[in-house]
A.B. asks: 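Attaching a single structure in structure tokens format; questions to follow.
Every chain is numbered from 1, with letters handed out A, B, ... down the list of sequences.
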There are 2 protein chains.
Amino acid sequence: MYSSELIKGTLKTIILALLTDEKKMYGYEITQKVKNLTGGKIQLTEGALYPTLHALEAQGILTTEVVNVGNRLRKYYTITPSGKSVAQEKVTEFSEFIATMRILLDLQPRAGEA
Amino acid sequence: MYSSELIKGTLKTIILALLTDEKKMYGYEITQKVKNLTGGKIQLTEGALYPTLHALEAQGILTTEVVNVGNRLRKYYTITPSGKSVAQEKVTEFSEFIATMRILLDLQPRAGEA
DNA sequence: CAAATATACCTAAGAAAATTATGTATTGTG
DNA sequence: CACAATACATAATTTTCTTAGGTATATTTG
């Protein structure tokens, strides 16, 4: 598990990147997918996740659809077309950011980085 | 300039990495070095920098030495031996974190990453 | 089969970290 | 000589997350 301060500010980027790939996910599913993909090193807390999802919806970046599964409800989130460009910008920005950080932290540059 | 939310949480790591290389720097010098090394893409604000430097000093990670240059004072920060191991941990953690983020964001893995 | 765990949503109080806005003072520059 | 740059600092506000709580159903396990 990474120190929380490091993960700060990446939550929106993570959510939008996943939804660009997956088309449609619900909150709990996002927490599990992140946990699995990162080997438990990043675990989203619900207190951070849900308010962020609501904010992204309010901004028109995500839309929702509530589905009943058995007797339990799931709120599926889908990324809108304008949301997709926001997602792309965020991922590109993060990519550039880590290239910049490599310079600052004296990490070896990797193949493919301009 | 990157969106500020992205840079959040990396300030301590940046400061400690620079001081591991440089041995001795003062606050304003840190802001300029970061600005130069990143082509202006990361610009530390004084309101964030100074309180963080003070905190690192209070934790015994940095020590200070005030020097008069002309009539103006400079407060030089030096990293302590125990601070160096903290710095190393932070840089390693960041390095692992971006490897994890590459997976999440579907970025291409780079040469040298296990 | 009861208890614990997992699934699934949510919010609110507080903490942490940054931004924004100041303030002080000296030095270099057009 | 005014303005920008150098050099420190703090305080109010904002943003973002953590912690802690609340509700409810489904599944696993002793």
Side-chain angles (χ1 to χ4, degrees), chain A residues 1-16 18 24-36 40-59 61-77 90 94 97, chain B residues 1-16 18 24-36 40-59 61-77 90 94 97:
Chain A
M1 188 62 179
Y2 299 120
S3 75
S4 64
E5 62 177 20
L6 203 60
I7 308 176
K8 276 182 204 233
T10 60
L11 180 54
K12 278 184 208 162
T13 307
I14 291 170
I15 292 170
L16 295 179
L18 288 183
K24 189 177 165 189
M25 297 181 88
Y26 55 99
Y28 185 77
E29 187 184 6
I30 294 174
T31 66
Q32 297 308 299
K33 179 127 192 175
V34 169
K35 191 177 168 187
N36 290 335
K41 285 182 223 157
I42 297 180
Q43 284 175 334
L44 306 185
T45 60
E46 297 175 316
L49 178 66
Y50 289 116
T52 300
L53 286 172
H54 301 162
L56 291 171
E57 187 187 2
Q59 291 164 40
I61 292 170
L62 302 179
T63 53
T64 57
E65 177 193 354
V66 177
V67 173
N68 266 286
V69 178
N71 263 340
R72 205 149 47 180
L73 64 105
R74 278 184 193 164
K75 201 168 178 180
Y76 278 97
Y77 289 87
K90 286 231 163 247
F94 186 80
F97 171 65
Chain B
M1 188 61 179
Y2 301 119
S3 75
S4 64
E5 62 175 20
L6 203 60
I7 308 175
K8 277 179 206 238
T10 59
L11 180 55
K12 278 184 207 161
T13 307
I14 291 171
I15 292 170
L16 295 179
L18 288 183
K24 189 178 165 187
M25 296 181 89
Y26 56 99
Y28 186 76
E29 186 184 7
I30 293 174
T31 67
Q32 297 308 299
K33 179 128 193 175
V34 168
K35 192 177 166 185
N36 290 336
K41 286 182 223 157
I42 297 180
Q43 284 175 327
L44 305 185
T45 60
E46 296 175 314
L49 178 66
Y50 288 117
T52 300
L53 286 172
H54 301 162
L56 291 171
E57 186 186 3
Q59 291 163 40
I61 293 170
L62 302 178
T63 54
T64 58
E65 176 193 355
V66 177
V67 174
N68 266 286
V69 179
N71 263 339
R72 203 149 48 181
L73 62 105
R74 278 185 194 163
K75 200 166 178 182
Y76 278 98
Y77 289 87
K90 287 231 162 248
F94 186 81
F97 170 66

A.B. asks: How does protein contact run along nucleotides 22-30 of chain C, one letter per nucleotide 5' to 3', with B for base contact, S for sugar-phosphate only, - for none, heavy atoms under 4.0 Å?
C.D. replies: ----BS---

A.B. asks: On DNA chain D, which is the earliest and which the latest nucleotide, 5' to 3', with an atom closer than 4.0 Å to a heavy atom of chain A?
C.D. replies: dC17(D) to dA26(D)

A.B. asks: Mind checking if Ile7(A) touches a base, just sugar-phosphate, or nothing, with heavy atoms under 4.0 Å?
C.D. replies: nothing

A.B. asks: Any base atoms under 4.0 Å from Gly27(B), or only sugar-phosphate, or nothing? Heavy atoms, all strands.
C.D. replies: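 Gly27(B): backbone/sugar contact only, no base atoms under 4.0 Å.
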
A.B. asks: Picking from dA18(C), dT7(C), dA8(C), which would you name as closest to the side chain of Lys8(B)?
C.D. replies: dA18(C)

A.B. asks: When you measure from the side chain of Gln32(A), which nucleotide among dT7(C), dT20(C), dA17(C) comes out closest?
C.D. replies: dT7(C)

A.B. asks: Return the value, rounded to whole Å, for the distance between atom CG of Leu56(B) and atom P of dA17(C).
C.D. replies: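 Roughly 11 Å, once rounded to whole Å.
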
A.B. asks: Under 4.0 Å from OP1 or OP2 of dA18(C): is there any side-chain N or O of Thr52(B) that close?
C.D. replies: yes

A.B. asks: Do you know which two heavy atoms are closest between Lys35(A) and Gln43(A), and how far apart they sit?
C.D. replies: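 Shortest heavy-atom contact: CE-NE2, 3.2 Å.
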
A.B. asks: Provide, to the nearest angstrom, the distance between the OH atom belonging to Tyr26(A) and the P atom belonging to dC9(C).
C.D. replies: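 So the OH-P distance, Tyr26(A) to dC9(C), works out to 7 Å.
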
A.B. asks: What is the distance, to the nearest angstrom, from the CG atom on Leu44(B) to the C1' atom on dT20(C)?
C.D. replies: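 Those two atoms, CG and C1', are 16 Å apart.
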
A.B. asks: Does Tyr50(A) have a side-chain nitrogen or oxygen under 4.0 Å from the phosphate oxygens OP1 or OP2 of dC10(C)?
C.D. replies: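 For Tyr50(A), the contact criterion (side-chain N or O under 4.0 Å from OP1 or OP2 of dC10(C)) is not met.
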
A.B. asks: Partners of Tyr2(A) by side chain to side chain donor-acceptor pair (under 3.5 Å), sequence neighbours excluded?
C.D. replies: Thr100(B)

A.B. asks: If only side-chain N and O atoms of His54(A) are considered, is one of them under 4.0 Å from the OP1 or OP2 phosphate oxygen of dT11(C)?
C.D. replies: yes

